[in-house]
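Notes for the one structure printed next.
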Amino acid sequence: MLREATSAFLRAGKTKVLLATAGLVAIFAFADWAVGNTVSLGVLYILPTMLGALVLRPGETAGLAIFCALLRARFDVPSSRTEMGLRFVFASLAYFTSGLFVTALARNRELAVENLAKVQREQTLRREAEEQLRVLVESSPAAILTTDHRGMILAANNAADELFSIPEGQGIQGRIITKFLPLLDDALHLDAGFRTSVQCYGRRENGEVFLADTWFSTYSGPEGPRLAAIVVDSSDEMRDREEQNLRQLLRYNRIAAGAVSHEVRNLCGAISLLCANVADKHNLTQDEDLRGLARLVKGLEHSAALDLHSRSQDAVEEVSLRAVLDSLRIVIEPGWRDSGGVVRWRVPESLPRVVADAQGLLQAFLNLSQNSYRAMREVSVRELTISVTAEDQKVAVRFEDSGPGVAAPERLFQPFQEGAEGTGLGLYISRAVVRSYGGELRFEPRERGSCFVVELQTA
């Protein structure tokens, strides 16, 4: 009852509550005056004090209590001065304490209402979050599942049933994860709180094996460690990646074979000229052995007549130069950063698409950046600047470093160079790959360092 009355007065507003308080004080004071000094009605002043305390501050409530105590003393029964003083003090304390009690009740009610509203808001937000999470899990194309400490699958979405080829209507819940992903069963023996991602082989219900990218974490459950995992079938990505790698390998093999054939033809031409000079000098033009040697050299030269460009007619397409440069950035920046080097990128916000093969172009860029990295291993300032400019339907990508420079620029793109690391075919193959796209790879002289330019045709 008191709580309902309190709510009604609070909703009425401060002015109306104060008016009601003043009215009650006036009524009780008039009643106290009317009955005279024979009976004291001082207890009635507790009501207006409690009512006013709903909207008054503690100091104001104390003033109201003293005022009511004065009215009580004015119309109280006759008594000694000391007794009247004590009655005044006790009455003031009683009225003020009653007011504080009501104030505390009102404050507690406000806090309870605020806390209830907060709890309701949190429950609403929690239900919304749970609903969004449920929709996210159910609509996710990735398999999401949880297991207990024994490896039994507790919950899984529809994508998990599809990934592991579970017959319709059966579900994967209640099955042991070891049959499908043995690695996750081993992870349950690790300490709780372990989080990582792995690539492993999984097995479907029908026995088919697939490559799985798995992100999982372990956490503590009522009976021991539990595991939550997200699994994606990456077999198609692996297949496409391996096929692309095979195509790149075949292309590079053809380029390398062309370089070898070119050198063999040069040697055969020199041997043929030497045989002709020997025959003329010693009058051995009719010598069968020398003529047989010349025929062998001609045959070897014919066998080595491999036309590099006619054998490298790989299809090209329109590719995003931005995507290729972003991939290059991911590959090279960690190594440069770990070695104390800096890679500066001067790339416009908008880049046109170019005619190339994304994987081959990335390999050419990577070869140029690795050459700069190796050239600057012994210098104190290691900086590589990669800039892009576009003009006249062409895009130029420059790789400029702060290394010691190039001693013999005229021999840069020759295969099998002496002193080169590896086979000495890196720049030769890179230029051949870029030329197969209709582009060009060239060296630009600099006073300090070196600069290589890759020119590509815009799509």
Side-chain angles (χ1 to χ4, degrees), residues 236-259 261-262 306-333 343-373 384-401 409 412-415 425-446 450-459:
D236 293 339
E237 288 79 0
M238 183 190 70
R239 188 179 303 110
D240 294 340
R241 182 175 64 250
E242 294 302 324
E243 290 178 354
Q244 181 68 20
N245 291 338
L246 178 59
R247 287 194 295 268
Q248 292 296 326
L249 179 62
L250 294 176
R251 172 185 292 179
Y252 295 156
N253 286 342
R254 288 197 300 268
I255 295 174
S261 300
H262 177 74
L306 175 64
D307 188 350
L308 173 61
H309 297 285
S310 65
R311 295 290 303 275
S312 300
Q313 300 300 322
D314 294 323
V316 294
E317 57 185 3
E318 297 180 5
V319 301
S320 170
L321 182 59
R322 167 74 65 181
V324 175
L325 291 175
D326 288 343
S327 299
L328 178 67
R329 190 169 193 164
I330 294 173
V331 173
I332 68 173
E333 278 197 339
V343 181
R344 306 188 186 279
W345 300 85
R346 297 176 181 173
V347 182
E349 290 295 330
S350 177
L351 290 177
R353 299 177 68 85
V354 296
V355 178
D357 171 71
Q359 188 66 24
L361 186 59
L362 176 60
Q363 291 295 328
F365 287 170
L366 182 60
N367 180 56
L368 294 175
S369 61
Q370 290 297 329
N371 285 346
S372 297
Y373 180 82
L384 173 64
T385 302
I386 300 177
S387 59
V388 180
T389 57
E391 56 182 10
D392 298 334
Q393 303 300 317
K394 288 187 177 181
V395 177
V397 183
R398 285 177 170 81
F399 293 77
E400 187 173 359
D401 61 51
L412 271 175
F413 299 100
Q414 296 179 5
L425 286 171
L427 288 175
Y428 179 83
I429 292 179
S430 297
R431 187 173 65 172
V433 169
V434 173
R435 284 180 173 178
S436 68
Y437 308 146
E440 183 59 66
L441 170 60
R442 68 176 190 273
F443 173 76
E444 285 188 353
R446 291 286 190 274
S450 59
C451 178
F452 289 88
V453 184
V454 178
E455 289 186 350
L456 299 168
Q457 296 181 359
T458 58

Please, which pairs that meet side chain to side chain donor-acceptor pair (under 3.5 Å) have at least one residue in residues 450-459, sequence neighbours excluded? Q393-T458, D401-S450, R442-E455

Against L325, only a single residue in L361, V388, L362 fulfils side-chain contact (heavy atoms from CB on, under 4.5 Å); can you say which? V388

Shortest non-hydrogen contact from Y437 toward G360: OH-CA, 3.4 Å

Decide yes or no for I330 and D326: does some side-chain heavy atom of the first lie under 4.5 Å from some side-chain heavy atom of the second? no

Considering all heavy atoms of both residues, which atom of P352 and which atom of V395 are nearest to each other, and what is their separation? CG-CG2, 3.5 Å

For side-chain contact (heavy atoms from CB on, under 4.5 Å), just list the numbers for V453 and V397, CA-CA rounded to whole Å, side-chain angles, deciding distance to a tenth of an Å, and then say yes or no. CA-CA 6 Å; V453 184; V397 183; over 6 Å; no

Run the side-chain contact (heavy atoms from CB on, under 4.5 Å) check on F365 and I386 step by step: do they pass? CA-CA 10 Å; F365 287 170; I386 300 177; over 6 Å; no

Would S369 and L328 satisfy side-chain contact (heavy atoms from CB on, under 4.5 Å), going step by step from the backbone distance to the final call? CA-CA 9 Å; S369 61; L328 178 67; 4.2 Å; yes

Compare all side-chain heavy atoms of D357 with those of V319 and state whether any distance is below 4.5 angstrom. no

For the ring pair F452 and F443, is the centre-to-centre distance below 6.0 Å? yes

The salt bridge (charged side-chain N to carboxylate O under 4.0 Å, His left out) partners of R431 (sequence neighbours excluded) come to none

Salt bridge (charged side-chain N to carboxylate O under 4.0 Å, His left out) partners for R346, two or more places apart: none

Partners of D392 by salt bridge (charged side-chain N to carboxylate O under 4.0 Å, His left out), sequence neighbours excluded? none

What residues form a side chain to side chain contact (heavy atoms under 4.5 Å, CB included) with R446, not counting sequence neighbours? R398, E400, E444, C451

Minimum heavy-atom distance between V347 and R322, given as atom pair plus value: CG1-NH1, 3.8 Å

Testing the basics here: between S430 and A364, what is the closest heavy-atom pair and its distance to 0.1 Å? OG-CA, 4.1 Å

Would you please name every residue forming a side chain to side chain contact (heavy atoms under 4.5 Å, CB included) with R329, sequence neighbours left out? E333, W345

To the closest 0.5 Å, what do you measure between CG (L456) and CZ (R353)? 13.0 Å

Would you sort out whether L441 and L368 count as a side-chain contact (heavy atoms from CB on, under 4.5 Å), showing the intermediate values? CA-CA 10 Å; L441 170 60; L368 294 175; 3.9 Å; yes

